[in-house]
Amino acid sequence: MNPRKALIALSLCFMFTIVASAAFAQTGGATPAPPPMTFGLSGICVDQSGTYLYVLAGGKILQYTTGSWTTPANQVDLPVLTPPVGAPPPKPADGKFPPPPHMGGAPHGLAIDSTNGYLYVLAGPVVYRYIIPGLTLDESSKIELPRPEPPKVSQ
């Protein structure tokens, strides 16, 4: 590698470090809240009669008629997931955070109650109930699951 290319690469790394440091300083040293995690949610299920197929993908619930796969018969957006409220956990005395419990992403899935005409959607820490086949969100039935406690750090 010639000295000129090395100098350009070193300059770019230095400039990137300065920009990243400035961005971190603007947040007051705190890590910003993560964006809503709707893009990674996915699931699939079919109703008991085999008439409709429900797909959870890209922050939407898509309803397909099983005889026609070209376009969804209906689709709705999932409600926006709210980030956790509260201060981030304090930094441990030794400066090392424990490893995260798992890296599986937000829990998600679909289940149908064909007897009562409901589609249940697990999206992150919330369970929503939709009235089918119209995919109308039943606002009164939203259940927020308890958030897990962070692991205890032994001293």
Side-chain angles (χ1 to χ4, degrees), residues 9 12-92 96-153:
L12 288 174
C13 288
F14 180 69
M15 289 181 67
F16 176 74
T17 303
I18 289 173
V19 170
S21 298
F24 186 71
Q26 285 180 346
T27 63
T31 306
M37 298 290 284
T38 58
F39 60 88
L41 303 177
S42 63
I44 189 169
C45 67
V46 66
D47 66 352
Q48 190 173 13
S49 67
T51 306
Y52 295 108
L53 173 74
Y54 296 93
V55 178
L56 174 64
K60 296 183 181 296
I61 302 171
L62 306 166
Q63 178 188 43
Y64 290 93
T65 305
T66 52
S68 170
W69 297 98
T70 55
T71 57
N74 194 3
Q75 69 180 30
V76 295
D77 292 327
L78 282 174
V80 176
L81 298 175
T82 56
V85 179
K91 191 171 187 177
K96 297 179 183 176
F97 284 101
H102 65 82
M103 297 302 286
H108 53 279
L110 297 171
I112 288 188
D113 177 2
S114 293
T115 306
N116 296 312
Y118 295 122
L119 173 69
Y120 292 95
V121 178
L122 173 62
V126 181
V127 178
Y128 299 101
R129 183 168 72 180
Y130 287 84
I131 301 167
I132 55 174
L135 288 180
T136 306
L137 178 62
D138 183 0
E139 291 284 346
S140 65
S141 67
K142 178 176 126 177
I143 301 169
E144 187 153 350
L145 302 174
R147 298 195 186 266
E149 292 292 321
K152 303 289 183 206
V153 178

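Nearest approach of Tyr130 to Leu135, heavy atoms of both residues: CD2-O, 3.7 Å. Closest approach of Ile112 and Cys45 over heavy atoms only: CG1-SG, 3.6 Å. Across Leu122 and Leu56, no two heavy atoms sit closer than the pair O-CD2, 4.3 Å. In plain terms, the two heavy atoms of Gly50 and Thr66 that are nearest each other are O-OG1, 2.6 Å.
Summarising the geometry, atom OH belonging to Tyr128 is positioned 10.0 Å from atom CD1 belonging to Ile61; distances are rounded to the nearest 0.5 Å.
Here salt bridge (charged side-chain N to carboxylate O under 4.0 Å, His left out) pairs that include residues 108-133, with residues two or more places apart or in two chains, are Arg129-Asp138. Sorted by first then second residue, the salt bridge (charged side-chain N to carboxylate O under 4.0 Å, His left out) pairs that include residues 64-80, not counting sequence neighbours, are Lys60-Asp77.
A side-chain N or O of Tyr54 and one of Gln63 form a donor-acceptor pair less than 3.5 Å apart.
Counting only heavy atoms from C-beta outward, the side chains of Val55 and Tyr64 approach each other to under 4.5 Å. Residues Tyr118 and Ile132 have side chains not in contact (no heavy-atom distance under 4.5 Å, counting atoms from C-beta outward). Residues Val126 and Ile143 form no side-chain contact, since every pair of their non-hydrogen atoms from C-beta on lies 4.5 Å or further apart. Side-chain contact between Pro133 and Asn74 is absent, with no heavy atoms from C-beta onward closer than 4.5 Å. Between Ile44 and Leu53, some side-chain heavy-atom pair lies under the 4.5 Å cut-off.
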Would Thr65 and Tyr52 count as a side chain to side chain contact (heavy atoms under 4.5 Å, CB included) here? Give the steps. CA-CA 5 Å; Thr65 305; Tyr52 295 108; 4.0 Å; yes
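At least one donor-acceptor pair closer than 3.5 Å links the side chain of Ser114 to the backbone N or O of Gln48.
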